[in-house]
Amino acid sequence: MESNIVLVVAGLAAGALNSVAGGGTFLSFPALVWIGVPPIMANATATLSALPGYIGGAWGFRKDIRASGPISLAWTVAMAALGGLLGALLLLVTPKETFSALVPWLLLGATLIFAAGPALVRRVLRNGGGLPKLPALLLLLAVSIYGGYFNGGLGIMLLAAFGFVGLTNLHEMNGLKSLMSAILSAVSVATYSIAGLIDWRSALVLGASCAFGGFIGAHLARRITNMLALRIFITLIGLGMAAAFFMA
């Protein structure tokens, strides 16, 4: 009962944060570990709980999904699917002790990426991108592999990657970000499921809570005027969670 309460509260908060500014992983993943789910299984289960939000985002941006840069939409989808698979397979072969040691560093890295993300994206867009096709493909593949391995900070990393590729339309970039996140997460979750890494009981509670939290967050987003303060708050949450894992 207590574990369900933890998951419901964390899911509501994570879903709301993802709708407003992102950073829900900083709550959903630690909550699963807190109730006793092993870190690798917690990572897989947290990815599953975030998947409905990615799919919903891709549907919401469906009219903006196109590829005006050097990479076609088909290649973008292929990199997402391949990267999600490779990242998930990499997680499967990572020893439990190694992943547990990596967790605080992954949380810290995702937090720093989240904190610096908007400034990084603005700088990339201002300076202009325009990588040739092969380096652009490799960049999207690398970010997708990261997303298949650990989901934290994925959205910001994809936006920055699109800037380096040469995209400048934020609606198009958000559409592609949502599509790639949904595809690579679906592939990685399927891989986790086959390997038996999903804690389905926790996933149902957390996923439903995240979905409802996202609905609440969508309404709250219209009332929030100080996004900088919110981003600082989420960053502090991420740093606190990373610190907790470092001390564990």
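One-based numbering along the sequence shown.
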**Request:** Kindly indicate whether the side chain of M241, heavy atoms from C-beta on, has any atom under 4.5 Å from the side chain of F246.
**Result:** no
Could you tabulate the donor-acceptor pairs under 3.5 Å formed by side-chain atoms of residues 143-152, not counting sequence neighbours?
residue, atom, partner, partner atom, Å
S144, OG, L140, O, 2.8
Y146, OH, G152, O, 2.3
Y149, OH, T94, OG1, 3.2
N151, OD1, Y54, OH, 2.4
N151, ND2, G147, O, 3.0

Is it the case that over 12 heavy atoms from other parts of the model lie below 6.0 angstrom from the CZ atom of F233?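 Atom CZ in F233 is not crowded, with 12 or fewer foreign heavy atoms closer than 6.0 Å.
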Q.
Does F99, at its CZ atom, have more than 12 non-hydrogen atoms belonging to other residues, nucleotides or ligands within less than 6.0 Å?
A. yes
- If you take all heavy atoms of P39 and V103, which pair is closest and at what distance?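 Smallest interatomic distance, heavy atoms only, reads CB-CG2, 4.2 Å.
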Correct closest heavy-atom pair for A14 and L27 would be N-CD1, 4.1 Å
_I'd like to know if the side chain of S188 reaches the main chain of S185, judged simply by a donor and an acceptor atom lying under 3.5 Å from each other, with no hydrogens or angles considered._
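Looks like yes, one N/O pair under 3.5 Å.
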Exercise for review: Say whether, by atom type as modelled, one donor and one acceptor occur between the side chain of S181 and the main chain of S178 under 3.5 angstrom.
Suggested key: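 No; judged by distance alone, with no hydrogens or angles, the pair does not exist.
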Across all chains, not counting sequence neighbours, the side-chain contact (heavy atoms from CB on, under 4.5 Å) partners of A203 are T45, L48, I198
Kindly list each side-chain donor-acceptor pair under 3.5 angstrom involving residues 104-120, sequence neighbours excluded, with atom names and distances?
residue, atom, partner, partner atom, Å
T111, OG1, L107, O, 2.7

Original post:
Can you list the other members of the hydrophobic cluster that holds W59, where links are side-chain heavy atoms under 4.5 angstrom apart?
Top reply: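 When side chains under 4.5 Å apart are linked, W59 ends up in no cluster with other residues.
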**Prompt:** Got a sec, which hydrophobics cluster with L138, joining ILVMFWY side chains under 4.5 Å apart, including via others?
**Reply:**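 L134, all in the cluster of L138.
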Validation: residues 72-83 side-chain donor-acceptor distances under 3.5 Å, sequence neighbours left out:
residue, atom, partner, partner atom, Å
S72, OG, W75, N, 3.2
T76, OG1, S72, O, 3.0

Mind running side-chain contact (heavy atoms from CB on, under 4.5 Å) on S209 and L7 for me, showing each step along the way? CA-CA 8 Å; S209 301; L7 290 178; 5.9 Å; no
